[in-house]
Trainee: 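Supplied in structure tokens, the structure appears directly below.
Lettering of chains follows the sequences in order, A, B, ..., and the numbering in each one begins at 1. Hydrogens, waters and symmetry mates play no part in the numbers below; they use all other heavy atoms, side chains included. From a predicted model like this one, the values you see are computed outputs, not experimental measurements.
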Number of protein chains: 4
Amino acid sequence: MIIHAKKAPGYEPSAEFVERKGKGHPDTICDGVSEKLSVSLSRYYLEKTGRILHHNVDKAILVGGQSRAWFGGGEVLEPIYIMLVGRATGRIDRDELVPIGRLAVEAAKSYIRENFRYLDPDSHIIVDYRIKQGSVDLVKNFEAGNDIPLANDTSFGVGFYPYTETEQLVLEVEKYLNSEKGKREFPETGEDVKVMAVRNEDKIRLTIAVAMISKLIKNEKEYAEIKKRLTERLYEIASGITKKKVELVINGADKPEKGIYYLTVTGTSAESGDDGQVGRGNRANGLITPFRPMSLEATAGKNPVSHTGKLYSILAMDIARKLVEENRHIKSANVYMLSQIGAPITEPQAVYVEASTDLSQEALSSYAESVAKEQLQEAPKLWRRIIEGRVSLY
Amino acid sequence: MIIHAKKAPGYEPSAEFVERKGKGHPDTICDGVSEKLSVSLSRYYLEKTGRILHHNVDKAILVGGQSRAWFGGGEVLEPIYIMLVGRATGRIDRDELVPIGRLAVEAAKSYIRENFRYLDPDSHIIVDYRIKQGSVDLVKNFEAGNDIPLANDTSFGVGFYPYTETEQLVLEVEKYLNSEKGKREFPETGEDVKVMAVRNEDKIRLTIAVAMISKLIKNEKEYAEIKKRLTERLYEIASGITKKKVELVINGADKPEKGIYYLTVTGTSAESGDDGQVGRGNRANGLITPFRPMSLEATAGKNPVSHTGKLYSILAMDIARKLVEENRHIKSANVYMLSQIGAPITEPQAVYVEASTDLSQEALSSYAESVAKEQLQEAPKLWRRIIEGRVSLY
Amino acid sequence: MIIHAKKAPGYEPSAEFVERKGKGHPDTICDGVSEKLSVSLSRYYLEKTGRILHHNVDKAILVGGQSRAWFGGGEVLEPIYIMLVGRATGRIDRDELVPIGRLAVEAAKSYIRENFRYLDPDSHIIVDYRIKQGSVDLVKNFEAGNDIPLANDTSFGVGFYPYTETEQLVLEVEKYLNSEKGKREFPETGEDVKVMAVRNEDKIRLTIAVAMISKLIKNEKEYAEIKKRLTERLYEIASGITKKKVELVINGADKPEKGIYYLTVTGTSAESGDDGQVGRGNRANGLITPFRPMSLEATAGKNPVSHTGKLYSILAMDIARKLVEENRHIKSANVYMLSQIGAPITEPQAVYVEASTDLSQEALSSYAESVAKEQLQEAPKLWRRIIEGRVSLY
Amino acid sequence: MIIHAKKAPGYEPSAEFVERKGKGHPDTICDGVSEKLSVSLSRYYLEKTGRILHHNVDKAILVGGQSRAWFGGGEVLEPIYIMLVGRATGRIDRDELVPIGRLAVEAAKSYIRENFRYLDPDSHIIVDYRIKQGSVDLVKNFEAGNDIPLANDTSFGVGFYPYTETEQLVLEVEKYLNSEKGKREFPETGEDVKVMAVRNEDKIRLTIAVAMISKLIKNEKEYAEIKKRLTERLYEIASGITKKKVELVINGADKPEKGIYYLTVTGTSAESGDDGQVGRGNRANGLITPFRPMSLEATAGKNPVSHTGKLYSILAMDIARKLVEENRHIKSANVYMLSQIGAPITEPQAVYVEASTDLSQEALSSYAESVAKEQLQEAPKLWRRIIEGRVSLY
């Protein structure tokens with residue numbers, strides 16, 4: 001295991017691009033249902049056998065439906081179709097089969113039920129699955145409280161800390177819009193929110209696309225008023241996060257003169273043609289940041305015990321945060337991790353740290369190594385936080 | 001149009017085979033959801049345009065799920081998968097699309113909800129569809145209250161009357177078992193009931209397969225008691241219908257010594273591997289009767305306005321019934337009808353009547369012709385009875 | 001086991017309806033691919049284990065495609081979709097899996113390849129399947145050359161003999177049209193042929209729908225000429241079968257004045273919206289005959305060892321034929337058989353024979369019993385004829 | 001439009017992670033079939049209308065099959081299932097439908113046929129699709145040779161140049177293995193090749209997973225020999241690219257002592273459980289590089305006329321390359337681009353350049369701007385290179 005740290009300049013680019021796809025976006029729905037299924041399988045295996053058996057359900061596709069929305073109403077014409085794909089241990093022992101199919105259907109529907117107000121899991125969604133059964137013998141690399149699981153692939157994990165103001169802004173805006181408070185203040189906003197920020201020096205341009213609920217808005221005038229009020233509210237939120245000049249555009253593709261508005265029946269663009277997949281949206285930190293190190297690993301749906309594509313994405317974030325939060329000499333850090341297939345998950349091939357610090361190279365190296373090692377000891381317990389929903393993954 | 005009647009001996013075979021698949025049987029479920037969708041489309045078209053537009057959704061397939069049932073409990077492991085197939089007018093006018101997909105999903109789920117107590121449309125069933133859109137131009141052969149629709153195919157319809165005691169027995173036993181009263185007296189019986197009768201001269205052997213609800217039955221003993229009570233109850237019902245000697249077997253494939261019982265979680269064998277299709281079960285009169293004239297036309301899912309495979313199945317039964325019920329000289333009748341594609345549905349290619357009667361051939365011919373012609377005038381109004389659910393079709 | 005024979009009047013109705021769906025009809029395609037898969041599974045099991053393991057793949061659905069045909073050309077816009085459904089033993093022993101999926105895909109494609117000239121299995125068809133795995137333990141009721149298999153269901157089989165002239169006519173016309181000779185003489189005719197006959201006393205009206213291959217026909221004139229030549233040829237064939245007056249209509253729905261012709265790119269109406277299912281077309285004797293006894297059992301796709309719905313359909317035809325062909329005192333016969341679930345297939349619940357004969361009732365009974373018993377001894381060997389393709393089933 | 005350039009240190013990290021998924025990897029297959037379909041649609045639209053109509057088919061899912069491979073042979077048990085998803089203009093004018101479905105099936109099969117030797121598109125693959133139809137009115141933003149198309153989304157494009165030795169090494173190794181020469185020298189290697197490099201200072205560890213063709217390898221010994229020969233060959237290639245110390249591992253998960261080898265029947269792990277999606281693998285430059293700027297935009301399947309997620313990924317690479325290749329003062333460059341939905345594709349929201357150069361900041365800015373503007377003029381012609389296959393996209 002190589003643990004390697006290096007001093008690097010801080011992250012202070014003159015420009016930034018940052019994006020977040022909210023929980024109602026078609027890609028995020030795919031992440032959500034896949035992860036929900038993984039949690040559901042994990043709990044089932046735990047309850048039946050005391051350990052989490054092998055599964056990897058990190059693929060799904062969503063085929064957008066068809067709908068017609070108008071001020072004051074609307075209807076879904078063709079349901080959204082979701083197919084969950086992957087593999088999972090299908091048998092506890094010779095006689096006891098795992099209800100993979102039923103769990104898949106329930107996971108998808110409960111994700112919808114818990115995250116949407118106007119998307120009906122019963123009539124607006126078709127949930128299908130093609131999940132192959134793996135064997136119980138396949139993965140014996142985890143016994144609860146016993147051994148260290150072995151990495152089931154050679155995968156990257158990447159993390160950085162802290163977030164820039166632009167990044168915080170993007171995160172907070174979506175968070176607010178999909179919070180209880182946000183929905184109370186703006187019930188007309190749907191769950192499909194996409195926030196994009198471009199910063200050029202001191203100016204941030206925030207572009208927000210938010211699917212509006214057609215039946216809650218009487219007419220063009222009301223729509224315009226809601227947009228106006230929402231704009232004001234978001235400026236307020238922005239001003240609490242940054243002093244930079246923020247320019248804010250909501251539903252910029254609206255063309256009132258042509259009667260074009262971003263109206264939906266259900267609160268998501270998936271109702272009308274936008275398709276989705278797992279792992280095509282937010283990274284584990286909730287953001288898409290082309291200026292920053294990123295991994296292409298999808299975290300959603302992977303088993304939380306041995307899949308280092310998932311675990312190292314979390315650990316790399318944790319290490320970066322810890323380095324910065326617990327040592328005032330470190331201003332920022334990027335962490336890169338690479339697993340070794342077949343080796344204990346506590347023993348990656350390599351951990352690289354880039355840190356902006358006034359520590360000496362030696363002091364950094366030694367400190368980074370100790371933090372990394374300490375965090376790696378957490379790896380075998382990470383599954384608990386994951387299945388309890390205490391880690392955000394997308 | 002040829003209307004032809006012929007004197008024939010009465011139907012008094014020394015033997016009979018008669019079968020009925022109850023409303024929870026996989027084939028009947030397919031019939032039910034297809035017909036429900038046709039009704040739902042018909043109502044939608046009527047409401048939007050004042051007439052029923054072209055559709056033909058008379059195909060569906062059900063892929064049985066997987067489940068595990070035990071005395072006192074059970075679980076569905078893999079949901080049942082249903083795919084509805086056919087075509088339907090997809091556009092009311094240039095801009096208004098018909099919600100075919102949503103109606104399909106809703107039709108299937110509401111059939112399940114209305115006909116089952118323990119089959120959950122949300123987590124035990126996947127409803128998919130592949131329904132192609134037809135054009136509004138395609139079929140202009142029906143304007144409500146105006147013209148006579150034109151037959152959209154060359155199809156047979158067949159009917160006979162009256163039912164034998166064996167036939168009545170089969171019908172009544174299923175009816176009772178799936179009635180409110182039946183479910184009150186025997187809540188443990190599921191909706192998937194298959195009744196089969198073999199009569200040899202004066203002896204009727206009645207074989208009944210009824211999916212039992214596992215969680216309502218504590219153990220083998222209780223199961224045996226319910227079977228015993230049910231047997232007694234059905235003998236009672238049988239004795240009200242026939243004086244013939246009835247031998248009654250319930251769930252004859254049970255093998256208590258091997259722990260084999262007909263237990264289900266949901267009340268249908270579809271939960272565990274039995275597949276189904278439209279039109280593979282009961283004929284329009286509710287029965288399968290190899291000794292009797294039968295048509296192979298599926299009635300379920302066909303449009304109720306111009307599809308003579310549906311309409312003539314009903315009309316042939318109506319004519320046979322009328323001939324016998326309204327004329328005491330006619331003891332029994334078989335009626336065969338054949339449509340002429342492209343001709344008004346009131347003008348079939350041929351209507352053949354075989355009647356057991358003491359009327360002269362001439363009198364029979366003339367009477368049969370008048371009854372047939374009179375009933376044919378009802379054809380253009382038949383859709384009302386159909387979409388109001390006042391005609392039994394399978 | 002009851003074997004019961006009864007004298008009955010001969011089958012001489014004044015009217016008849018007879019239909020046959022040719023090998024390219026959507027329903028027949030479903031029959032064809034299901035049966036092909038059953039044969040393919042049977043051979044695989046035999047080769048690997050020396051016996052035919054349990055399977056029942058008697059469900060399939062075909063969703064018609066979309067195409068555009070014009071004189072001299074045409075193109076398929078959307079492929080035909082076929083889904084095969086059922087269950088089959090998935091494991092030879094602990095380690096050896098049966099390639100059910102690959103066999104399903106290959107069976108469907110080879111049916112297409114062997115039966116069509118212009119339907120491309122590679123780009124005109126999507127073959128999907130949802131076949132559940134059964135266990136090897138499930139059915140141990142057959143050891144090649146050893147025991148008598150046990151009936152796996154309570155099913156009817158029905159047969160009659162001989163065919164009327166109308167029935168022969170329908171069979172022969174389709175046979176000719178889909179024969180090598182027919183295709184040599186009329187290459188422009190597709191494989192989707194539907195023949196329907198209505199006889200009223202001495203007049204037979206023969207309605208033939210035959211999908212024409214668009215690219216082989218230059219224009220309206222050539223189409224008309226081919227229809228004319230074909231009509232003449234079929235009159236010739238008809239005159240060799242019956243002396244009755246035959247009226248013959250080919251593609252009666254053509255409307256030259258509106259430019260409507262029955263043109264297809266591939267030779268089947270499935271290319272353009274006609275859907276299909278297993279068991280909705282021809283009975284085991286190749287015909288649909290509402291005036292005659294029929295069973296609703298699909299024969300295609302059922303296992304040839306223990307599924308009496310398949311076996312008894314064949315046996316009932318065999319018995320009827322034998323009764324008539326080997327005894328000049330018997331003019332015609334109907335045979336009805338009913339299996340007993342769990343009993344050896346050589347021991348049905350009941351065999352009923354209705355025969356038109358000048359034999360005494362006693363002689364008939366005794367003779368019928370001996371023929372039936374003899375034929376029943378063939379039941380355990382029937383699978384050979386079936387998997388060698390020597391029995392026609394639909 | 002902001003064009004902004006900034007001097008930055010060169011890219012000289014002490015560590016690197018680089019990965020490439022070869023053309024036979026499940027994710028790459030998804031990229032390949034989606035892009036093939038986009039090209040196929042583009043050509044169809046061009047031929048029929050002179051312009052490329054709207055489409056976006058950038059989603060697909062691959063469900064791995066099941067197979068059994070052994071030295072000297074093997075068989076596919078369950079085919080691979082691929083579903084293509086997206087939307088495309090379905091109608092050229094009122095009467096002329098676009099054969100989307102057939103093109104989808106053909107695209108997938110021809111990708112397989114052109115890129116694999118042992119994967120049979122006919123029996124090893126099921127190709128399905130759920131592509132919704134868009135309207136011709138939707139996108140009128142492109143007339144060949146006329147106007148500038150309008151960006152159909154707000155998307156990122158990211159590029160960098162030049163490649164490091166590690167990056168070149170990864171690219172070249174896969175290229176060789178899947179070249180004609182590579183297959184001639186090592187026919188036993190399949191098309192599913194995954195190359196991963198970790199560099200730490202001067203040491204590169206190259207991990208290569210290559211699916212071997214089971215039937216071409218007689219036994220363990222031959223397998224070992226091939227691996228040995230291949231290792232030598234790849235060291236040779238590596239030494240032509242870098243002077244750094246290379247350590248090379250082929251199929252590191254093999255465990256000869258347990259009989260575990262990376263054997264496949266078809267040359268791809270998709271045959272046996274590995275699933276795939278579009279956009280989860282290589283970026284437009286053919287690599288996955290977590291230390292480098294990356295976009296999450298999938299390029300495959302997007303329309304080549306107005307989808308800036310595709311176009312800007314190519315342009316950003318082109319600009320970076322041009323900056324470096326045409327100006328010896330610039331050693332390396334990163335380029336970031338962001339489109340403006342609804343604006344001409346030649347007018348992005350922002351272009352950011354980071355360059356390592358000895359030019360002054362002003363000189364860099366002015367030069368970068370001129371190069372960027374020049375390249376942007378190419379944007380409206382990019383579609384030609386794309387549909388002629390002259391741009392590598394994944």
Trainee: Atom CG of B:N115 and atom CG of B:N178: how far apart are they, to the nearest 0.5 Å?
Mentor: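 B:N115 CG to B:N178 CG: 8.5 Å, rounded to 0.5 Å.
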Trainee: Which is it for A:I125 and A:I112 under the side chain to side chain contact (heavy atoms under 4.5 Å, CB included) test, yes or no, and what are the steps along the way?
Mentor: CA-CA 9 Å; A:I125 307 261; A:I112 301 301; 4.1 Å; yes
Trainee: Relative to chain B, which segment of A:V127 carries a heavy atom at a distance below 4.5 Å: side chain, backbone, both, or neither?
Mentor: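 Contact with chain B is through the backbone of A:V127 alone.
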Trainee: Name the member of B:G65, B:G101, B:S67, B:P99 that forms the most heavy-atom pairs with chain A at distances under 4.5 Å.
Mentor: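 The answer is B:P99.
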Trainee: Could you check which of B:D122, B:V105, B:I126, B:L97 has the highest count of heavy-atom pairs closer than 4.5 Å to chain A?
Mentor: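 Winner by heavy-atom pair count: B:D122.
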Trainee: Between A:K302 and A:V57, is there a side-chain heavy-atom distance shorter than 4.5 Å?
Mentor: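 When only atoms from C-beta onward are counted, A:K302 and A:V57 do not touch, as no gap falls below 4.5 Å.
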Trainee: For the interface with chain A, which of B:E106, B:E75, B:Q66 has the highest count of heavy-atom pairs at distances below 4.5 Å?
Mentor: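 The candidate making the most pairs under 4.5 Å is B:E75.
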Trainee: Heavy-atom distance under 4.5 Å to chain B: side chain of A:I100, backbone, both or neither?
Mentor: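 Answer is backbone: N, CA, C or O of A:I100 sit under 4.5 Å from chain B.
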Trainee: Would a 4.5 Å heavy-atom cut-off, applied to side chains only, mark A:P79 and A:H124 as touching?
Mentor: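 Of all side-chain heavy-atom pairs linking A:H124 with A:P79, none is under 4.5 Å.
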Trainee: Between B:N251 and B:Y223, does a side chain to side chain donor-acceptor pair (under 3.5 Å) hold up when you go through it step by step?
Mentor: CA-CA 11 Å; B:N251 295 349; B:Y223 185 94; 3.1 Å; yes
Trainee: With respect to chain A, which residue among B:V76, B:V98, B:L103 yields the maximal number of heavy-atom pairs within a distance under 4.5 Å?
Mentor: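 Going by pairs under 4.5 Å, I would pick B:V76.
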